[in-house]
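Written out below as structure tokens is the structure these notes cover.
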Amino acid sequence: MLYKIYETQRSFMEPFADFALAASKFYSNPLSPLQKTPLAQRIAAAYDLIYRLGKDYEKPTFDIKTVPVDGVEVAIHERVEVNKPFCELRRFKRFSDDPKTLEKLKGQPVVLIVAPLSGHYATLLRETVRSMLSDHKVYITDWLNARTVPLTEGDFHLDDYVNYVQEFIRHLQKTYGNCHVVSVCQPTVPVLAAVSLMASRGEMTPLSLTMMGGPIDARKSPTAVNNLASERSFEWFENNVIYRVPENFPGAGRRVYPGFLQHAGFVAMNPDRHAVNHYDYFKNLIKGDGSSTEAHRKFYDEYNAVLDMDAHYYLETIRTVFQEFRLVYGTWDVRSPEGKLERVRPQDITQGALLTIEGELDDISGAGQTRAAHDLCTGLPSKEQRHIEVKGAGHYGIFSGRRWRESVYPQVRDFIREHQARHSSAPVAAIAPAAPASPAKAQPPKPAKPPVKAKPAAPATTRSARSGTSKASKPAPVAIQAKAPENAPAAKEVLAAPATRWAGAEAPAALAQAATVAEKAPAKKAPRSTKAA
């Protein structure tokens, strides 16, 4: 019923928002006679603010047209590579007709960015994608709004999230021979589970895992998000924040955690900051400060665009991650697409490398929550595990903004580059057949099935056999010295700038926000003269 009331109110407000936009233009357009009236600028600014407060915010676009590669602007074509009922694997294909640039693009690492499914769209990572496109082949998980998915597609569970990630990793391994995975915030938990299950089955795992600001162990340095999730029962969330999608959407009847509740929760976490930001926007409109007003619009176009989440996925995430801590306790069983329950064992990961990143001022994922991944991945050598704490950065700052560009990204880029060089990929034709068609093919209890094993072996042996790399060969020395996870990063690696107004407050936090509110294309062919990478 609440969802229907909200939709009715939104439909009623839409004409008023359109009127406010038109009135704002009447009073601000130099050709309009109203622009010459007294207080015209203030009236135009007031109408513009009313419009932005009342409008409906749709899903933004990535809008990445070009990126610089060694001073050469490379064209970007965005397309859907794999289409699933609740997610699209989106590729940012790079084009260049410069032979030297094209050769460089073809040799760069492949990165799968797993975007959070916690309220906002994947476009929240636009700057992350733009930065990485200069040095990597980039794919991203673009999660769909649950209210647009018909009931005939079934429900979406946390297990499905894990299975999606595995499918996307296998797709990239089959295409390129290997890949690297970067997860931001919420997906750190299902990504670690996905890779752990692949390692337990003896499958090839990604060359590196980068985990940024995620609740691997939500018991450590609990934030408001963690406290609200633990203080309320599972039934409380189910009874207070779950509603059915109204009839005017394709997913009518689906039980979801609605986007409008999440948005109200986002605002309720820091109402004073939002009020100050909107008042600053009003003053900047009067002053004619175009750059500041445009920055405000871009931020809130992203911030106010939210999506519905399937109720099963949302509630299972609360129980698994924030209430029962199944990953750290070793009690998490994931159901495969074939219906078999498999235990998540991060200690089975013995190949690849792990980088964790935390923000000093992160009030969404507290200090130590992401770093806890190192304690779980005991099968990885300490030299392959590293940790970065970004001084002065909040949650949003570790993957977007100045600190991301100047401090975090260079270290992520070098980390990926180092491990790409260590494990040079074999020809695609030699690796593709080794990638299992389904998770059930390489289950540990069936040792006779994997053809490459002469005897029971650790996942490292399977990895070597599949990648065409000799087990006896040692990785070449690299310029960057590996650091054990317990070592703090060097001071010169981190920018200690003062926290901004939004430090730690901008990123989605669906759990805390829900509780707070309740209480109160087809690809286009490139031109003949243009080549792609």
Side-chain angles (χ1 to χ4, degrees), residues 86-87 114 116-119 143 146 154-166 183 185-197 211 213-244 254-259 261-262 265 307-337 339-346 364-366 368-370 372-373 375-376 507-519:
F86 290 86
C87 184
V114 184
L117 177 54
S118 55
W143 302 100
D155 300 322
F156 184 71
H157 297 262
L158 182 58
D159 293 350
D160 297 316
Y161 193 121
V162 175
N163 294 327
Y164 274 24
V165 172
Q166 293 181 82
S183 55
C185 190
Q186 168 270 326
T188 55
V189 174
V191 165
L192 184 56
V195 176
S196 299
L197 292 171
M211 300 188 172
I216 297 293
D217 188 350
R219 301 171 303 171
K220 298 190 175 185
S221 303
T223 63
V225 179
N226 311 131
N227 292 333
L228 288 168
S230 59
E231 290 170 0
R232 289 162 177 78
S233 66
F234 180 86
E235 291 73 19
W236 184 93
F237 286 100
E238 188 172 22
N239 295 331
N240 287 275
V241 300
I242 302 301
Y243 296 91
R244 292 194 180 273
R254 180 178 297 279
R255 295 175 69 244
V256 297
Y257 174 40
L261 272 184
Q262 299 171 64
L307 52 75
D308 297 352
M309 291 186 287
D310 188 280
H312 298 85
Y313 158 77
Y314 174 75
L315 295 172
E316 288 164 7
T317 299
I318 292 176
R319 171 176 283 169
T320 301
V321 179
F322 295 99
Q323 292 185 344
E324 298 182 358
F325 315 105
R326 293 181 183 177
L327 177 62
V328 291
Y329 286 148
T331 59
W332 188 8
D333 293 325
V334 173
R335 190 174 300 277
S336 69
K340 182 176 181 179
L341 287 176
E342 300 174 286
R343 179 61 51 90
V344 176
R345 294 173 48 85
I364 303 300
S365 295
Q369 291 189 12
T370 311
D375 300 329
L376 300 177
L511 274 172
Q513 296 133 4
T516 305
V517 172
E519 285 207 337

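Note that the coordinates shown come from a computational prediction; the quantities given were computed from them, not determined experimentally.
Using cut-offs of 30° and 60° on the angle between ring planes, the pair Tyr313 and Tyr161 is parallel. In this pair, Tyr164 and Trp143 present their aromatic rings parallel. The plane angle is below 30°, not in the 30 to 60° band.
You'll find the side chain of Asp333 stays beyond 4.5 Å of the side chain of Val344, heavy atoms only. Within the 4.5 Å cutoff, no side-chain heavy atoms of Ile318 are placed close to those of Tyr257.
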Apply the test salt bridge (charged side-chain N to carboxylate O under 4.0 Å, His left out) to residues Arg255 and Glu238: give CA-CA distance (whole Å), side-chain angles for both, the deciding distance (0.1 Å), then the verdict. CA-CA 10 Å; Arg255 295 175 69 244; Glu238 188 172 22; 3.6 Å; yes
Check against side chain to side chain contact (heavy atoms under 4.5 Å, CB included), Val256 and Ile242: CA-CA 6 Å; Val256 297; Ile242 302 301; over 6 Å; no
Do Gln369 and Asn226 pass the side chain to side chain contact (heavy atoms under 4.5 Å, CB included) test, and can you show the C-alpha distance, the side-chain angles, and the key distance before you say yes or no? CA-CA 11 Å; Gln369 291 189 12; Asn226 311 131; 2.8 Å; yes
Given the rule in the side chain to side chain contact (heavy atoms under 4.5 Å, CB included) test, do Thr331 and Arg326 qualify, once you have shown the distances and angles that lead to the verdict? CA-CA 5 Å; Thr331 59; Arg326 293 181 183 177; 3.5 Å; yes
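Proximity of a side-chain donor or acceptor of Tyr314 to a complementary backbone N or O of Val241 within less than 3.5 Å is not detected. No donor-acceptor pair under 3.5 Å is formed between the side chain of Gln186 and the backbone N or O of Ser118. Under the 3.5 Å distance criterion, the side-chain polar atoms of Asp310 are left unmatched by any main-chain donor or acceptor of Ala146. The closest donor-acceptor contact from the side chain of Arg254 to the backbone of Gly154 lies under 3.5 Å. At least one donor-acceptor pair under 3.5 Å links the side chain of Thr370 to the backbone N or O of Gly214. Side chain of Thr223 to main chain of Gly366: no donor-acceptor pair is present (N/O by atom type, distance under 3.5 Å, no hydrogens or angles).
Put simply, CG on Leu327 and OG1 on Thr320 are 9.5 Å apart, with the number rounded to the nearest 0.5 Å. For the atom pair CZ (Arg232) and CG (Asn227), the distance works out to 10.0 Å, reported to the nearest 0.5 Å. Remark: Leu261 CG to Tyr243 OH distance equals 6.0 Å, nearest 0.5 Å. With rounding to the nearest 0.5 Å, the separation of CG in Asp159 from OG in Ser336 is 9.0 Å. How far NZ of Lys340 is from CZ of Arg335: 12.0 Å, rounded to the nearest 0.5 Å. Annotation: the span from His312 atom NE2 to His157 atom NE2 amounts to 4.5 Å, rounded to 0.5 Å.
Of all heavy-atom pairs between Pro346 and Ser196, the closest is CA-OG, 3.2 Å. Residues Pro215 and Ser365 come closest through the heavy atom pair N-OG, 3.8 Å. When every heavy atom of Leu307 is checked against every heavy atom of Gln262, the shortest pair comes out as O-NE2, 2.8 Å. When all heavy atoms are compared, the tightest approach of Lys220 to Asp375 is NZ-OD2, 3.4 Å. The two residues Val191 and Ser183 come nearest to each other via the heavy atoms CG2-CB, 3.9 Å. Between Trp332 and Pro190, the shortest heavy-atom contact is CH2-CA, 4.3 Å.
Scored by the salt bridge (charged side-chain N to carboxylate O under 4.0 Å, His left out) test, Asp217 finds Arg219 as partners (sequence neighbours excluded).
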